Student: 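Below is the structure I would like to discuss, written out as C-alpha cells.
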Amino acid sequence: MPDSKTPPTARAATARATAPTARRSEATRAAILDAARERFATDGYERATIRAIAKDAGIDPSMVMRYYGNKEGLFAAAVSIDLRMSELPAVPRDRIGATLVAHFLTLWEENEQLTALLRVGATNAAGAERMQGVFRDQMLPVARAACPDPEQVPARAALAATQMLGLALTRYVLRMPPVTALTRDELVAWLGPTLQRYLTAPHSAWPEG
C-alpha cells in the first residue's frame, strides 16, 4: 500500500490498477452467492456441491474455496434468514412467551434453510456466526419491547434464543424421541412460561451481580 511519501502520480496509478481488481472480486463473490442460493434452494444443503455451484457461476471451484473456504462457509454467507418477527401478532405482554414458542415452531417446520443453518452452525464457525447474527439482530427488538430493564435486553434475548435453538436442535436435527413426541400445544405449554420469565421477569427475580 502506498504511503504518504509515494508521489501522487504513483498513488493514482495504484488506485487505477486496484479498482478493476476489486470490482472483479465483488462481481465474482456476487455470482457465487447467487448461484449458491439457487442451488441450495433447488437441491438442498446436502446434495448441493461446490462443483455444481461453481459451474452455475461460470468459475473454477477453487475460486469458491478461495472466497468461502468450504460449503459450510458458503452456505452461511449465502442464506438469508428472516425470523419474521414483524409478523408476530399484537398480544398482551403476559402472552409474549407462548406466542414466541408458537411462532418459532411454525418457522422451524416451514423453513428448511433455518434447520440447515442450525446444522452448519453446530459444526462450523462461519455458520455459528451467521446464526448468532440472525438471532441477535432479530430477537433484540422483541426483547427490548418486553424487557423491564433496558440494560438486560441482550442477556434476556440470548436466554430466549437458547431455548428456541435448543428446541430446534433436539426436535428437528437430533430428533430426540421424547421431544419429537410432544405436540405443538405441549411445547407451547412447557416452554412458553420459560420464555415469558426470561423476557419479562422483574429485576428482583434476577440474582444480584
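For clarity, every value in this text was computed on a predicted model and none was experimentally measured.
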Student: Calculate, to the nearest 0.5 Å, the distance between atoms CE and CG belonging to M65 and D60 respectively.
Tutor: 11.0 Å

Student: Anything under 30° is parallel, anything over 60° is perpendicular, the rest tilted; go ahead and classify F104 against F135.
Tutor: parallel

Student: Please assess M131 against L118 for the test side-chain contact (heavy atoms from CB on, under 4.5 Å), listing each intermediate value before the final yes or no.
Tutor: CA-CA 7 Å; M131 183 65 85; L118 181 61; 3.8 Å; yes

Student: Would you say CZ of R84 has more than 12 non-hydrogen atoms from neighbouring residues, nucleotides or ligands within 6.0 angstrom?
Tutor: yes

Student: Does a side-chain heavy-atom distance below 4.5 Å link L105 with V188?
Tutor: yes

Student: Answer yes or no: does atom CD of E151 have more than 12 heavy-atom neighbours from other residues, nucleotides or ligands under 6.0 Å?
Tutor: no

Student: How far does CD1 of I81 sit from CG of D137, to the nearest 0.5 angstrom?
Tutor: 13.0 Å

Student: Quick one: does T42's side chain get under 4.5 Å of E38's, heavy atoms only?
Tutor: yes

Student: Examine R29 relative to Y68 and say whether NZ or CZ is less than 6.0 Å from the centre of the six-membered ring and inside a 45° cone about the ring axis.
Tutor: yes

Student: Angle class for the F40/F75 ring planes (parallel below 30°, perpendicular above 60°, tilted otherwise)?
Tutor: perpendicular

Student: Around atom CZ of R93, are there more than 12 heavy atoms from other residues, nucleotides or ligands closer than 6.0 Å?
Tutor: yes

Student: The test is side-chain hydrogen bond (donor to acceptor under 3.5 Å, both in side chains); show your working for T106 and R184 and say whether it passes.
Tutor: CA-CA 9 Å; T106 298; R184 181 186 181 91; 2.6 Å; yes

Student: Measure across Q196 and G97 and return the closest heavy-atom pair with its distance rounded to 0.1 Å.
Tutor: OE1-N, 2.8 Å

Student: Once you round to the nearest 0.5 Å, how far does CZ of R156 lie from SG of C147?
Tutor: 4.0 Å

Student: Within the structure provided, determine whether R119 and Y45 are in side-chain contact (heavy-atom separation under 4.5 Å).
Tutor: no

Student: At their closest point, which heavy atom of P148 faces which heavy atom of P150, and how far apart are they?
Tutor: O-CD, 4.0 Å

Student: Please report the shortest heavy-atom distance between A31 and A57, naming the atom on each side.
Tutor: O-CB, 3.7 Å

Student: Would you give the length of the straight line joining atom OG1 of T162 to atom CG of L195, rounded to the nearest 0.5 angstrom?
Tutor: 8.0 Å

Student: Could you tell me if the side chain of M139 sits less than 4.5 Å from the side chain of M85, heavy atoms only?
Tutor: yes

Student: Please check if atom CD in E112 has more than 12 non-hydrogen atoms from other residues, nucleotides or ligands closer than 6.0 Å.
Tutor: no

